[in-house]
Protein chains: 2
Amino acid sequence: MTDNKDYEHMAGIFKALAHSTRLQVLVKLQEKEHCVCELQEIIGFDMSTISRHLNVLKNAGIIESRKVNNQVFYRLLCPCVLDTLECVIDMKTSNKE
Amino acid sequence: MTDNKDYEHMAGIFKALAHSTRLQVLVKLQEKEHCVCELQEIIGFDMSTISRHLNVLKNAGIIESRKVNNQVFYRLLCPCVLDTLECVIDMKTSNKE
DNA sequence: AGCCTACTTGGTTATTTGGCCAAATACGAT
DNA sequence: ATCGTATTTGGCCAAATAACCAAGTAGGCT
């Protein structure tokens with residue numbers, strides 16, 4: 001819990017969470033797995049952009065992908081991420097503006 | 001839970017958490033409040049750097065400051081941030097490498 | 001007033017991030 | 001083999017981040 005490498009690792013996960021588009025993706029994936037083009041339609045940036053965001057989440061170990069024909073479906077690995085979101089929301093309502 | 005502004009706000013908080021030095025600061029503040037120079041000694045960057053990190057955490061609503069003479073003490077506002085850390089650590093041990 | 005300590009802020013620089021478009025890749029169907 | 005759809009990757013660019021040093025501010029103390 002105190003090695004500098006641990007801090008780097010934890011920071012890396014928070015970094016992955018630190019973008020509104022990626023949070024939107026995670027909320028979507030909470031419901032069920034989605035392929036890239038579905039997420040792209042919902043969220044609306046270029047597909048390459050969505051793909052890169054998904055890759056960031058995957059590298060952080062937060063989501064996983066499986067290929068079905070020529071589509072790639074992503075699913076949430078750790079529901080705990082969403083508890084984190086709850087925590088953040090509580091933080092907001094209890095302490096701010 | 002779905003307004004784009006909400007996502008931005010949540011992402012902002014994660015952004016504040018997304019740096020190893022700031023995580024180190026938070027762990028220190030968990031124990032008790034600290035002034036800038038104490039944190040600087042423990043962590044070891046330039047004091048101006050530490051001060052800026054503290055400001056990021058403060059702007060995100062995660063910590064608070066109070067002035068005592070010519071020192072500024074920072075303290076943790078939301079212990080829930082540390083639950084978040086726990087969550088991240090669990091994520092690490094259960095799903096990765 | 002002048003000095004010291006604690007802290008913050010301005011300026012500079014190097015690196016990272018996130019967007020787009022275009023090109024490459026993967027795979028099924030014709 | 002070629003075509004079409006889905007996805008990833010490379011290149012480019014603008015903006016944000018994080019570090020440093022130096023200069024500014026704030027509050028005792030002599």
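Here is the naming used below: chain letters follow the sequence lines, and residue numbers restart at 1 for every chain.
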Exercise for the section: Scan B:F73 against the nucleic acid and name what it touches under 4.0 Å (heavy atoms): base, sugar-phosphate only, or nothing. Expected result: nothing
Handout entry: Upstream residue (5' side of DNA chain C) when A:V56 and B:L54 are each assigned their closest nucleotide
Key = B:L54
Problem - Close approaches to DNA chain C from residues 31-46 of chain B, in residue order (heavy atom, under 4.0 Å) - result: B:C35, B:V36, B:C37
Completion exercise
In this structure, CD of A:E8 is separated from CD1 of A:I13 (nearest 0.5 Å) by 12.0 Å
Fill in the blank from the handout: Smallest heavy-atom separation, B:C37 atom then B:Q71 atom, equals SG-NE2, 4.1 Å
Problem - For atom OH of B:Y74 and atom C1' of C:dA6, their distance in whole Å - result: 11 Å
Problem - Atom of B:F14, atom of A:L17 and distance for their closest heavy-atom approach - result: CD1-O, 3.6 Å
Practice task
Please report the shortest heavy-atom distance between A:S65 and A:K58, naming the atom on each side.
Solution key: OG-NZ, 2.9 Å
Problem - Interface limits on DNA chain D, where chain A has a heavy atom under 4.0 Å of a nucleotide atom - result: D:dT5 to D:dG11
Handout entry: Within-4.5 Å side-chain heavy-atom neighbours: A:V56 and A:I62
Key = no
Practice task
Look at B:E33 together with B:R66 and state whether they make a salt bridge at an N to O cut-off of under 4.0 Å.
Solution key: yes
Completion exercise
Note: for A:T49 and A:K67 on DNA chain C, the residue whose nearest nucleotide lies more 5' is A:T49
Handout entry: Non-hydrogen side-chain atoms of B:Q24 and B:L39 separated by less than 4.5 Å
Key = no
Completion exercise
Rounding to 0.5 Å, atoms CD (A:Q40) and CZ (A:F45) come to a distance of 11.0 Å
